[in-house]
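So the structure is just underneath, and the comments pick up after that.
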Amino acid sequence: MSRARLPLAALSLASVSALVLSGCSQSSDASTGTADTAAPAAAATGKKPAPFGAGPVKVALVRQSGAGDYFEQWGNGAKAQAKALGIDLTVYDAQADNAKQATDLSSAINSGAKAIIIDHGFPATIQPEIDKAVKKGVKVVVYDVDTPTKGVVSTEQDDASMAKAVLDVMAGQVGKNARVGYVNVAGYAALDKRDTVWKSTVTAEAWKQQFKVGKVTDSTATDNVPLVSAALTQHSDVTGVFAPYDELAKGAVLAVQNKKLQNRVKVFGADVSNADIQQMTAADSPWVATAGTDPSAVGAAVVRTTALELAGRLGRTSVEFPAVAITQDFLREKKIANMDQLRQALPALNLSQVSTADWIPNVAH
């Protein structure tokens with residue numbers, strides 16, 4: 001599949017380099033709504049093209065899961081951008097139930113939506129419905145979903161670059177021949193891409209992987225604590241743990257703290273949110289580096305991408321969102337306590353120039 005690559009941010013901070021992240025999650029029933037706290041939209045100056053000049057445009061957002069701080073912010077950004085564009089957005093959240101996501105997608109196809117955004121999901125369960133949507137003439141935009149279907153627009157973070165940036169930090173801190181742990185789950189496009197970088201780094205650094213555990217649920221952070229705790233009981237000699245999704249990282253952090261290993265074991269994660277920042281900057285936190293985009297900005301950019309595709313003005317089949325690496329030292333030095341402060345300190349998180357036009361009011365700034 002052709003993938004358009006946007007330039008990654010180049011930052012001068014000591015362990016801050018270009019990267020990205022992804023998340024994973026799904027709601028029992030379809031719901032409509034706007035963001036809890038919508039960012040002010042930059043005013044549109046151009047004339048709206050069809051179909052946006054004739055009233056609200058019906059779009060469906062089909063999520064594998066909206067659970068977790070990152071995905072809540074992603075959803076809020078998407079809802080805020082949809083509202084600003086005059087999109088009637090119906091949100092389906094399968095709450096990590098893959099069979100239900102396929103059912104939700106079928107419902108979205110039959111709802112009369114002009115376009116469907118698919119946020120994560122397993123190809124095996126949703127691919128048949130993607131094919132049905134395209135055949136029916138519905139515009140389909142996916143976020144972190146691998147699909148071979150022609151006509152689908154693919155959006156994603158640069159997961160390989162993100163993983164490399166965090167793992168470069170990890171390599172600098174734990175050194176070669178280190179004993180390390182790994183918390184990840186197979187089957188998610190973004191996590192699989194990060195896994196590829198992990199495997200190559202383990203070989204290059206001659207690391208000794210002592211364990212691999214992990215699962216994604218509707219309570220991922222909580223449900224991974226006992227898994228990582230058990231692994232640390234058997235392998236308390238590890239010096240670093242890589243968990244390339246923030247809910248997995250949170251579980252790893254809590255496990256390290258529960259085992260009272262925070263002075264010897266460092267956690268390296270991915271994604272960034274208010275909760276992640278608070279956990280990274282807390283006293284004695286073992287979470288020393290992460291990488292990510294502004295989740296609200298990404299959600300908004302995916303909706304803008306969908307609007308351009310609906311208007312026939314996207315002109316590409318894939319859009320990639322750049323991300324940045326963020327260290328605990330940087331957050332503490334700059335006294336950053338939340339995403340608003342991080343946005344000010346790292347302008348590279350701003351995606352306001354991605355997938356935009358003069359007729360689109362932009363909330364990602």
Side-chain angles (χ1 to χ4, degrees), residues 1-7 20 22 34-35 38-63 74-91 108-109 111-120 130 133-134 136-147 149-158 293-323 349-365:
M1 177 184 342
S2 171
R3 295 189 183 279
R5 298 260 173 205
L6 300 180
V20 191
S22 118
T34 56
T45 57
K47 182 180 178 181
K48 292 181 179 180
F52 293 94
V57 178
K58 190 174 181 61
V59 174
L61 169 57
V62 180
R63 312 192 72 183
W74 194 104
N76 286 344
K79 293 173 186 176
Q81 184 65 73
K83 181 179 180 181
L85 270 163
I87 287 175
D88 176 8
L89 186 69
T90 300
V91 181
I109 293 169
S111 71
K114 299 292 185 182
I116 298 173
I117 300 168
I118 303 173
D119 174 21
H120 288 85
I130 291 175
V134 172
K136 192 173 180 178
V138 179
K139 298 293 185 182
V140 177
V141 176
V142 299
Y143 177 68
D144 271 340
V145 176
D146 282 335
T147 173
T149 305
K150 291 183 178 179
V152 173
V153 175
S154 173
T155 67
E156 63 183 2
Q157 300 173 102
D158 187 347
T293 55
D294 175 352
S296 178
V298 171
V302 172
V303 171
R304 294 197 303 275
T305 299
T306 304
L308 287 168
E309 177 68 1
L310 274 168
R313 300 187 178 188
L314 182 61
R316 60 204 305 186
T317 59
S318 61
V319 178
E320 199 166 61
F321 308 120
L349 289 171
N350 188 332
L351 299 178
S352 63
Q353 299 305 309
V354 178
S355 292
T356 192
D358 61 3
W359 55 273
I360 296 178
N362 195 320
V363 301
H365 66 283

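Atoms considered below: every heavy atom in the structure, side chains included; atoms not considered: hydrogens, waters and symmetry mates.
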Is any side-chain heavy atom of [X] less than 4.5 Å from a side-chain heavy atom of [Y]?
{"X": "P361", "Y": "L85", "answer": "yes"}
{"X": "V354", "Y": "V319", "answer": "yes"}
{"X": "H120", "Y": "Y143", "answer": "yes"}

Which atom pair, heavy atoms only, marks the closest approach of [X] to [Y]?
{"X": "N362", "Y": "Q81", "answer": "CA-OE1, 3.9 Å"}
{"X": "A113", "Y": "I116", "answer": "CB-CG1, 4.5 Å"}
{"X": "K136", "Y": "I109", "answer": "NZ-O, 3.2 Å"}
{"X": "V145", "Y": "V142", "answer": "O-CG2, 3.6 Å"}
{"X": "L89", "Y": "A78", "answer": "CD2-O, 4.3 Å"}
{"X": "P49", "Y": "A311", "answer": "CG-CB, 3.7 Å"}

Can you measure from [atom1] ([X]) to [atom2] ([Y]) and round to the nearest 0.5 angstrom?
{"X": "D358", "Y": "T45", "atom1": "CG", "atom2": "OG1", "value": "4.5 Å"}
{"X": "T356", "Y": "L351", "atom1": "OG1", "atom2": "CG", "value": "11.0 Å"}
{"X": "S352", "Y": "R304", "atom1": "OG", "atom2": "CZ", "value": "7.0 Å"}
{"X": "T293", "Y": "L349", "atom1": "OG1", "atom2": "CG", "value": "7.5 Å"}
{"X": "T155", "Y": "L314", "atom1": "OG1", "atom2": "CG", "value": "10.0 Å"}

Q) For A357, what residues pass the side chain to side chain contact (heavy atoms under 4.5 Å, CB included) criterion, not counting sequence neighbours? A)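 A357 satisfies side chain to side chain contact (heavy atoms under 4.5 Å, CB included) with L308, W359, I360 once adjacent residues are dropped.
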Q.
My understanding is that only residues two or more places apart in sequence, or in another chain, count here; which of them pass side chain to side chain contact (heavy atoms under 4.5 Å, CB included) with P51?
A.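 Result, side chain to side chain contact (heavy atoms under 4.5 Å, CB included) vs P51: V57, L310.
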Q.
I'd like to check the side chain to side chain donor-acceptor pair (under 3.5 Å) partners of T149; sequence neighbours left out, ordered by chain and number.
A.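 Once residues adjacent in sequence are excluded, the partners of T149 under the side chain to side chain donor-acceptor pair (under 3.5 Å) criterion are Q127, D131, T147.
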Q. Can you tell which of V298, I87, V59, V363 makes a side chain to side chain contact (heavy atoms under 4.5 Å, CB included) with V303?
A.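 Passing option: I87.
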Q: Please check if atom NZ in K58 has more than 12 non-hydrogen atoms from other residues, nucleotides or ligands closer than 6.0 Å.
A: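 Counting other residues, nucleotides and ligands, NZ of K58 exceeds 12 neighbours.
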